[in-house]
Amino acid sequence: MSNRIAVVGDKESIYGFAALGLDPYVYEEGEEGTLMFKKLCQNESYSIIYVTEAAAMTLDKEIEKYRSAPSPAIILIPGVSGNTGEGLSAVRRSVEKAVGSDIFND
């Protein structure tokens with residue numbers, strides 16, 4: 001069973017997570033970054049992968065492939081550049097899919 005957690009994003013946003021025992025992976029846009037993310041998702045030792053919202057914007061197609069998979073759970077987090085709201089939107093979509101309606105009240 002997988003028990004490791006990875007964090008993907010820009011260097012400034014993710015390296016603090018190493019102190020918490022998470023595995024940081026610096027994401028560079030382009031083919032190399034996409035390949036790194038694919039390999040990370042296919043690595044069965046990771047049950048959770050946190051991705052900064054900025055990195056998720058360019059990885060949206062890859063993230064979508066794993067949205068319905070039981071593992072790894074891909075969770076969007078804000079980076080040092082700020083919160084775009086995409087992480088909350090992703091949670092909202094997942095809850096709406098699971099429950100069948102939007103239970104969040106704005």
| said: Using a 3.5 Å distance criterion without hydrogens, assess whether the side chain of Thr34 forms a donor-acceptor pair with backbone atoms of Gly30. | reply: yes
| message | Test of understanding: with side chain to side chain donor-acceptor pair (under 3.5 Å), list the residues that count as partners of Lys65, not counting sequence neighbours. | response | Glu62
| What distance do Ile48 atom CD1 and Asn3 atom CG have between them, rounded to the nearest 0.5 Å? | 10.5 Å
| In Å, rounded to the nearest 0.5 Å, how long is the span from SG of Cys41 to CD1 of Ile74? | 4.0 Å
| message | Walk me through whether Lys39 and Asn43 qualify under side-chain contact (heavy atoms from CB on, under 4.5 Å). | response | CA-CA 6 Å; Lys39 286 181 180 179; Asn43 184 337; over 6 Å; no
Quiz: residues 20-28 side-chain donor-acceptor pairs under 3.5 angstrom, not counting sequence neighbours:
residue: Asp23; atom: OD2; partner: Arg4; partner atom: NE; Å: 3.1
residue: Asp23; atom: OD2; partner: Arg4; partner atom: NH2; Å: 2.7
residue: Asp23; atom: OD2; partner: Tyr46; partner atom: OH; Å: 2.7
residue: Tyr25; atom: OH; partner: Tyr46; partner atom: OH; Å: 2.7
residue: Tyr27; atom: OH; partner: Thr58; partner atom: OG1; Å: 2.9

| Can Val7 and Ile77 be said to form a side-chain contact (heavy atoms from CB on, under 4.5 Å), step by step? | CA-CA 9 Å; Val7 183; Ile77 59 173; 4.2 Å; yes
| task | Could you tell me which non-hydrogen atom of Gly9 sits nearest to which non-hydrogen atom of Ala55, and how far apart they are? | result | CA-CB, 4.3 Å
| query | Quick one: do Ile63 and Leu35 end up in the same hydrophobic cluster if we chain Ile, Leu, Val, Met, Phe, Trp and Tyr together by side-chain heavy atoms under 4.5 Å apart? | reply | no
| task | Supply the atom-to-atom distance Asp10 CG to Glu29 CD, rounded to the nearest 0.5 angstrom. | result | 10.5 Å
| field | Qualifying salt bridge (Lys or Arg N to Asp or Glu O under 4.0 Å) pairs, either residue in residues 68-79, two or more places apart | value | none
| query | How are the rings of Tyr66 and Phe37 set to each other: parallel, tilted or perpendicular (split at 30° and 60°)? | reply | perpendicular
| Quick one: CE on Met57 to CG on Leu76, what's the gap to the nearest 0.5 Å? | 11.0 Å
| Are any of the side-chain heavy atoms of Ile14 and Val8 separated by less than 4.5 Å? | no
| request: Look at Glu64 together with Lys61 and state whether they make a salt bridge at an N to O cut-off of under 4.0 Å. | output: no
| message | To the closest 0.5 Å, what do you measure between CD1 (Ile75) and CD1 (Ile49)? | response | 10.0 Å
| Roughly how far apart are Glu31 CD and Met36 CE, rounded to 0.5 Å? | 13.0 Å
